[in-house]
Amino acid sequence: MSTGQVRTMVSLMAQGAPVEVTSRWGTASKLARLAHLGEQFGYQYADAGYVNRGTQLLMVPDPQPQARQRAQQAWAQFPQAASGGPVPPLPALAPELLKAQVDFDLSGRHNEKRRLLAIIPITVIVLIQLMRDGGDSAVFWVPFWALAVCLAVGMVFYTRKRHATYEAQLQQAGYVQVLDPTGRVHYFPAGSSLAAQSAPVGGPQPGLGHMPPQQQSYGQQPQPPQKF
């Protein structure tokens with residue numbers, strides 16, 4: 001994550017609205033570190049997923065008193081962060097459970113189609129090569145295609161195993177399992193506002209995840225000093 005991305009994130013947080021940060025090369029570790037930084041400005045992790053431009057992190061204001069206190073302290077330390085001034089550096093590491101939350105959301109089954117669709121362009125390339133080079137090239141291209149398919153399918157099962165590992169880790173830590181409006185499962189710390197506002201699995205589903213900001217109610221964020 002670049003300084004520019006951190007600066008943009010902090011500027012959006014100064015407005016007190018949900019914040020989405022997109023990174024072309026953002027890994028789960030990098031997104032977790034960015035979410036951890038956002039927590040210092042009174043925000044909480046809400047979701048992570050793959051988009052056309054890379055990976056995307058969603059953070060929302062945390063209305064709890066301790067979060068608002070952290071935000072006041074952060075703005076006091078970096079009063080010009082929202083207007084081009086110094087911004088805090090990314091933490092070297094994010095808390096393990098925060099990273100597990102991000103990993104869990106990134107490894108969900110809703111992303112399996114994305115992995116399996118990678119077989120299509122490989123198949124097209126192999127067919128083009130076979131038509132161009134003739135049947136003799138099948139000795140190379142057919143095994144290549146079979147290996148690519150096996151790798152794609154193997155990655156799906158490997159990711160499912162990792163997904164189950166993160167789920168067990170979060171459950172053991174007492175995180176609450178909830179659903180968003182699309183039916184996706186998330187885990188949030190017990191007692192957090194997202195766990196309270198969301199519905200447990202099997203229950204009714206109020207707003208969460210990528211619901212339009214105007215339909216969410218998170219309370220007013222502490223604002224940074226107005227003299228920049």
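When reading the values below, keep in mind they use all heavy atoms of this one structure, side chains included, and skip hydrogens, waters and symmetry mates.
Distance CG/L97 to OH/Y166: 12.5 Å, rounded to 0.5 Å. To the nearest 0.5 angstrom, R162 atom CZ is 8.5 Å from L106 atom CG. Between atom CZ of residue F104 and atom CG of residue L170 there is a gap of 7.0 Å, rounded to the nearest 0.5 Å.
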For residues 34-41, please give each side-chain donor-acceptor pair under 3.5 Å, one per line with the distance, not counting sequence neighbours.
from : atom 1 : to  : atom 2 : distance (Å)
H36  : ND1    : E39 : OE1    : 3.4
Q40  : NE2    : H36 : O      : 3.3

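When all heavy atoms of V176 and A190 are compared, the pair lying nearest together is CG2-CA, 3.7 Å. Contact between V126 and W145 at its shortest, heavy atoms only, is CG2-CB, 3.9 Å. Nearest approach of D62 to R68, heavy atoms of both residues: O-CG, 4.2 Å. In this structure, S137 and L130 approach most closely via the heavy-atom pair OG-CD2, 3.5 Å. Heavy atoms only, all atoms of each residue included: L57 and L31 are closest at CD2-O, 3.6 Å. The minimum heavy-atom distance between P189 and A195, with the atom names listed, is O-CB, 3.6 Å.
One side chain, Q129 or R132, offers a donor N or O that lies under 3.5 Å from an acceptor on the other. Residues Q44 and S193 have side chains that bring a donor and an acceptor to within less than 3.5 angstrom of each other. Of the N and O atoms on the side chains of Y45 and D105, at least one donor lies less than 3.5 Å from an acceptor on the other residue. Counting only N and O atoms by type, the side chains of Y187 and E167 include a donor and acceptor under 3.5 Å apart.
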Fill in: From CA spacing to verdict: side-chain contact (heavy atoms from CB on, under 4.5 Å), Q169, T165
CA-CA 6 Å; Q169 182 181 1; T165 300; 5.5 Å; no
Worksheet entry | Verdict with supporting geometry, V60 and L194, side-chain contact (heavy atoms from CB on, under 4.5 Å) | CA-CA 9 Å; V60 297; L194 287 179; 4.1 Å; yes
Worksheet entry | Test log, rule side-chain contact (heavy atoms from CB on, under 4.5 Å), inputs V185 and V178 | CA-CA 6 Å; V185 176; V178 297; over 6 Å; no
Practice prompt. Please assess T55 against V51 for the test side-chain contact (heavy atoms from CB on, under 4.5 Å), listing each intermediate value before the final yes or no.
Written response: CA-CA 6 Å; T55 53; V51 295; over 6 Å; no
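Contact of the L93 side chain with the R33 side chain is not registered, since no non-hydrogen atoms from C-beta on lie closer than 4.5 Å. With a 4.5 Å cut-off on side-chain heavy atoms, V19 and L58 do not count as touching. Side-chain contact between Y158 and K161 is absent, with no heavy atoms from C-beta onward closer than 4.5 Å. At a threshold of 4.5 Å between non-hydrogen side-chain atoms, the residues M59 and M9 count as touching. At a threshold of 4.5 Å between non-hydrogen side-chain atoms, the residues W75 and V10 count as touching. Inter-residue side-chain proximity for S23 and Q56 is flagged as unmet; no heavy-atom pair is nearer than 4.5 Å. Within the 4.5 Å cutoff, no side-chain heavy atoms of Q77 are placed close to those of P88. Taking the side chain as every heavy atom from C-beta outward, H186 and D180 approach each other to under 4.5 Å.
No more than 12 heavy atoms of other residues, nucleotides or ligands shown are found within 6.0 angstrom of CD on Q172. With a 6.0 Å radius and a threshold of 12 heavy atoms from other residues, nucleotides or ligands, E96 has its CD atom at or below the threshold. Residue-environment remark: CZ (F140) exceeds the threshold of 12 foreign heavy atoms within 6.0 Å. Annotation: L147, atom CG; neighbour count of heavy atoms from other residues, nucleotides and ligands within 6.0 Å is above 12.
A donor-acceptor contact shorter than 3.5 Å is absent between the side chain of Q72 and the backbone of G42. Between the side chain of R7 and the main chain of A81, no donor-acceptor pair closer than 3.5 Å is present.
Look at D47 and R184 and you find a salt bridge, because one of the NZ, NE, NH1 or NH2 atoms lies within 4.0 Å of a carboxylate O, short of that distance.
Cluster membership for I119 and V156, using ILVMFWY side-chain heavy atoms within less than 4.5 angstrom, is shared. Note: the hydrophobic cluster containing L151 does not contain I120 (ILVMFWY, side chain heavy atoms under 4.5 Å, direct or indirect links).
With ring centers used as reference points, F188 lies 6.0 Å or more from Y175.
Checked options V124, T123, I125; the residue passing with L127 is T123 (criterion: side chain to side chain contact (heavy atoms under 4.5 Å, CB included)).
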